[in-house]
Every structure is written in C-alpha cells, then in structure tokens.
Asks: 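If you scroll down you'll find the structure; I have some questions about it.
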Amino acid sequence: YAKYLKKVHKKDTPIYVFPNYNDVKDFNFKPAKKNKNKIVIGWQGSTTHTADLKLVIPALKEVMNKYPQVELEFLGGIPKDDVKEIFSAMDDKLFKRIAITGGHPAWDKYPELLSTMKWDIGIAPLVNNEFNRGKSHIKWMEYAMYKIPCVASKVYPYSSNIKPKTGFLATNTKDWVYKLSQLIESPTMRKEIGTNAYEYIRDNLQWEQHK
C-alpha cells in the first residue's frame with residue numbers, strides 16, 4: 001500500500017501497525033467465585049477455531065481422565081455442525097463434563113460475560129499456520145484481566161508476548177498435559193501466574209501507552 005501511495009499519489013507515506021493492546025477499564029466487573037470442588041478449564045473464541053480445538057482435545061482428554069475434578073467450558077462460536085468432529089475423541093462419560101455456551105453478537109457485553117465464568121485455567125490453542133500467525137495474543141490478555149492463568153500454543157503471537165511467570169506455552173500433547181497438570185495441582189501457581197499476567201499487561205500492554 002505504501003508503494004501504491006508513492007506511485008499513484010506521489011506520497012512517501014509510512015505505514016504503522018498498531019497491534020491489539022488492552023484496556024483494563026473495559027474489564028471492570030467483579031469476577032465470579034471459583035468452584036471449591038472442581039477445576040474448570042475454559043476457552044473462548046469465534047467460529048474460526050475448529051482445527052485449533054481439535055489440536056488440544058487429546059491433551060484435554062488425558063487431563064480429564066487423570067483428574068476427575070476437571071471440567072471444560074467452551075464459550076462463544078463453536079459451529080453446531082462441528083461439535084461432533086471436534087469432540088469425537090471424548091466418550092459420553094467425559095462429554096458430560098463439558099459445557100458449550102454461546103457468546104454475544106457484539107464485544108461490548110463480552111467483558112461482563114467473561115467475568116461470570118468460573119474458570120481456573122484458560123487455554124489458547126493455535127495451529128501453526130499463516131492465518132493464525134496473523135492473529136494477536138488477545139485471549140491471554142483477556143483471561144488475565146480476571147487473573148485466569150493461560151496455557152497457549154507456542155505460536156506467534158503468543159510465543160513472543162507471554163513472558164516467564166505470566167503464562168505457559170505448549171508445543172505438543174505431552175507439553176499441554178504437563179503444563180495443565182502443573183496448574184491443576186497448584187492453586188498457588190494458578191494465583192501467581194494469573195496475577196503476574198494481569199500486572200504485566202496492565203503495566204505494559206495498555207493501548208493508551210502505545211497510541
């Protein structure tokens with residue numbers, strides 16, 4: 001586009017990329033209290049994530065078999081026609097511990113909706129392809145607003161934004177199981193990672209700091 005402007009309009013115009021940042025003021029709702037007797041792993045996203053969810057299902061299945069107190073909750077856009085494909089590895093017993101909840105048609109209601117989710121851990125699986133490398137680290141930022149620790153695929157942009165002690169990056173099924181297991185077994189670690197992520201994003205990734 002810069003070359004087009006220079007050729008057609010005789011302007012040498014610089015192009016600036018403004019990545020997704022965060023605004024803590026949008027997430028000013030009191031988060032729901034966690035469940036005492038179970039651990040909820042949550043995911044939120046749009047209808048473009050069928051392949052990404054399939055990537056992490058083997059690890060989630062292993063974790064659910066390993067920890068009977070673990071439940072899953074998926075919020076947002078899972079196409080009804082894709083549910084069978086995504087969760088085909090789950091038997092009926094495990095599927096009873098999975099909730100699929102609709103989101104909102106517009107973002108303005110989303111921060112409040114997210115505050116009502118009793119999630120102990122948030123996940124952000126991504127297949128490593130060109131489409132996904134064009135995304136942002138927004139799931140991690142939004143989970144962190146309610147101090148929900150995140151495990152994400154070791155794929156850009158998560159790999160370049162999640163710092164030590166602000167979240168976990170996973171590369172394969174074994175890695176996903178290990179990182180999730182660490183958080184499931186340690187309430188202290190969940191609290192520390194969630195708080196560290198919140199403070200890091202609040203102090204470094206606010207849009208007002210970069211505009």
Asks: Go through Ile98 and Phe95 one step at a time and tell me if the side chain to side chain contact (heavy atoms under 4.5 Å, CB included) criterion holds.
Replies: CA-CA 5 Å; Ile98 299 173; Phe95 199 71; 3.8 Å; yes
Asks: For the pair Asn65 (side chain) and Lys61 (backbone), establish whether a donor and an acceptor sit closer than 3.5 Å, ignoring hydrogens and angles.
Replies: yes
Asks: Do Phe27 and Tyr198 make the cut of ring centroids closer than 6.0 angstrom?
Replies: no
Asks: Might you point out which heavy atoms bring Leu94 and Met90 nearest each other, and give the distance in Å?
Replies: CD1-SD, 3.9 Å
Asks: Is it the case that more than 12 heavy atoms not belonging to Lys154 sit under 6.0 Å from its NZ atom?
Replies: no
Asks: Verify side chain to side chain contact (heavy atoms under 4.5 Å, CB included) between Arg190 and Ile39, making sure each step is shown before the conclusion.
Replies: CA-CA 11 Å; Arg190 293 197 299 271; Ile39 300 291; 3.6 Å; yes
Asks: Tell me, with the steps shown, if Lys163 and Asn204 meet side chain to side chain contact (heavy atoms under 4.5 Å, CB included).
Replies: CA-CA 12 Å; Lys163 309 297 182 184; Asn204 298 280; over 6 Å; no
Asks: Taking the side chain as every heavy atom from C-beta outward, state whether Trp119 and Tyr143 have any pair of such atoms under 4.5 Å apart.
Replies: yes
Asks: How about Asp23 and Gln206: do any of their side-chain heavy atoms sit closer than 4.5 Å?
Replies: yes
Asks: Please answer whether the main-chain N or O of Lys191 pairs with a side-chain N or O of Lys147 as donor and acceptor at a distance below 3.5 Å.
Replies: no
Asks: Find the distance between CG (Asp108) and CG (Leu113) and round it off to the nearest 0.5 Å.
Replies: 11.5 Å
Asks: Around Tyr178, counting heavy atoms of other residues, nucleotides and ligands shown, do more than 12 lie under 6.0 Å from its OH?
Replies: no
Asks: How about OH on Tyr110, more than 12 heavy atoms from neighbouring residues, nucleotides or ligands closer than 6.0 Å, or not?
Replies: yes
Asks: Roughly how far, to the nearest 0.5 Å, is OG1 of Thr116 from CG of Leu114?
Replies: 7.5 Å
Asks: Work out which heavy atom in Gln69 is nearest to a heavy atom in Ile184; give both atom names and the distance.
Replies: NE2-CG2, 4.1 Å
Asks: Under 3.5 Å, side chain of Ser181 to main-chain N/O of Val177, donor-acceptor pair present?
Replies: yes
Asks: With rounding to the nearest 0.5 Å, note down the distance linking CD in Glu112 to CG in Asn28.
Replies: 9.0 Å
Asks: So do the side chains of Arg97 and Leu72 get within less than 4.5 Å of each other, counting heavy atoms only?
Replies: no
Asks: On a heavy-atom basis, which atom in Thr50 and which in Pro79 lie closest, and how many Å separate them?
Replies: OG1-CD, 4.4 Å
Asks: Taking atom NZ of Lys34 as the centre, does the number of heavy atoms from other residues, nucleotides or ligands within less than 6.0 Å exceed 12?
Replies: yes
Asks: Report whether Leu126 and Tyr156 are members of the same hydrophobic cluster (ILVMFWY, side-chain heavy atoms less than 4.5 Å apart, transitive linking).
Replies: no
Asks: What I'd like to find out is whether the side chain of Ile123 reaches to under 4.5 Å of the side chain of Leu60, using heavy atoms alone.
Replies: yes
Asks: May I have all residue pairs that pass salt bridge (charged side-chain N to carboxylate O under 4.0 Å, His left out) and include part of residues 194-211, sequence neighbours excluded?
Replies: Lys25-Glu208
Asks: With a 4.5 Å cut-off on side-chain heavy-atom distances among I, L, V, M, F, W and Y, is there a chain of contacts connecting Leu205 to Phe18?
Replies: yes
Asks: How long is the span from the CG atom in Asp82 to the OG1 atom in Thr47, to the nearest 0.5 Å?
Replies: 9.0 Å
Asks: Where is the tightest heavy-atom contact between Ile193 and Thr166, given as atom of each residue plus distance?
Replies: CG2-C, 3.8 Å
Asks: Answer yes or no: is there a side-chain heavy-atom contact under 4.5 Å between Phe168 and Pro149?
Replies: no
Asks: Between Asn196 and Lys165, is there a donor-acceptor pair closer than 3.5 Å when you use the side chain of the first and the backbone of the second?
Replies: yes
Asks: With heavy-atom distances below 4.5 Å as the criterion, would you say the side chains of Gln44 and Lys139 are in contact?
Replies: yes
Asks: In Å, rounded to the nearest 0.5 Å, how long is the span from CG of Asn35 to NZ of Lys33?
Replies: 12.0 Å
Asks: For Trp140 and Tyr200, take the angle between the two ring planes, folded into 0 to 90°, and tell me which bin it lands in: parallel under 30, tilted 30 to 60, perpendicular over 60.
Replies: tilted
Asks: Between Leu180 and Lys66, is any pair of side-chain heavy atoms under 4.5 Å apart?
Replies: no
Asks: Same cluster for Ile78 and Val127 if Ile/Leu/Val/Met/Phe/Trp/Tyr side chains link at under 4.5 Å?
Replies: yes
Asks: Quick one, Pro125 and Trp43 - any side-chain contact, counting heavy atoms below 4.5 Å?
Replies: yes
Asks: Parallel under 30°, tilted from 30 to 60°, perpendicular over 60°: which one fits the rings of Tyr21 and His210?
Replies: parallel
Asks: For side chain to side chain contact (heavy atoms under 4.5 Å, CB included), just list the numbers for Ile100 and Glu73, CA-CA rounded to whole Å, side-chain angles, deciding distance to a tenth of an Å, and then say yes or no.
Replies: CA-CA 6 Å; Ile100 301 173; Glu73 190 160 59; over 6 Å; no
Asks: Of all heavy-atom pairs between Ile201 and Ala144, which one has the smallest distance, and what is that distance?
Replies: CD1-CB, 3.5 Å
Asks: Taking all atoms of both residues into account, what is the closest heavy-atom pair of Ser153 and Leu55, and its distance?
Replies: OG-CD2, 4.2 Å
Asks: Roughly how far, to the nearest 0.5 Å, is the CG atom of Asp26 from the CH2 atom of Trp107?
Replies: 4.0 Å
Asks: Applying side-chain contact (heavy atoms from CB on, under 4.5 Å) between Ile121 and each of Ile41, Val70, Val40, report the one that passes.
Replies: Ile41
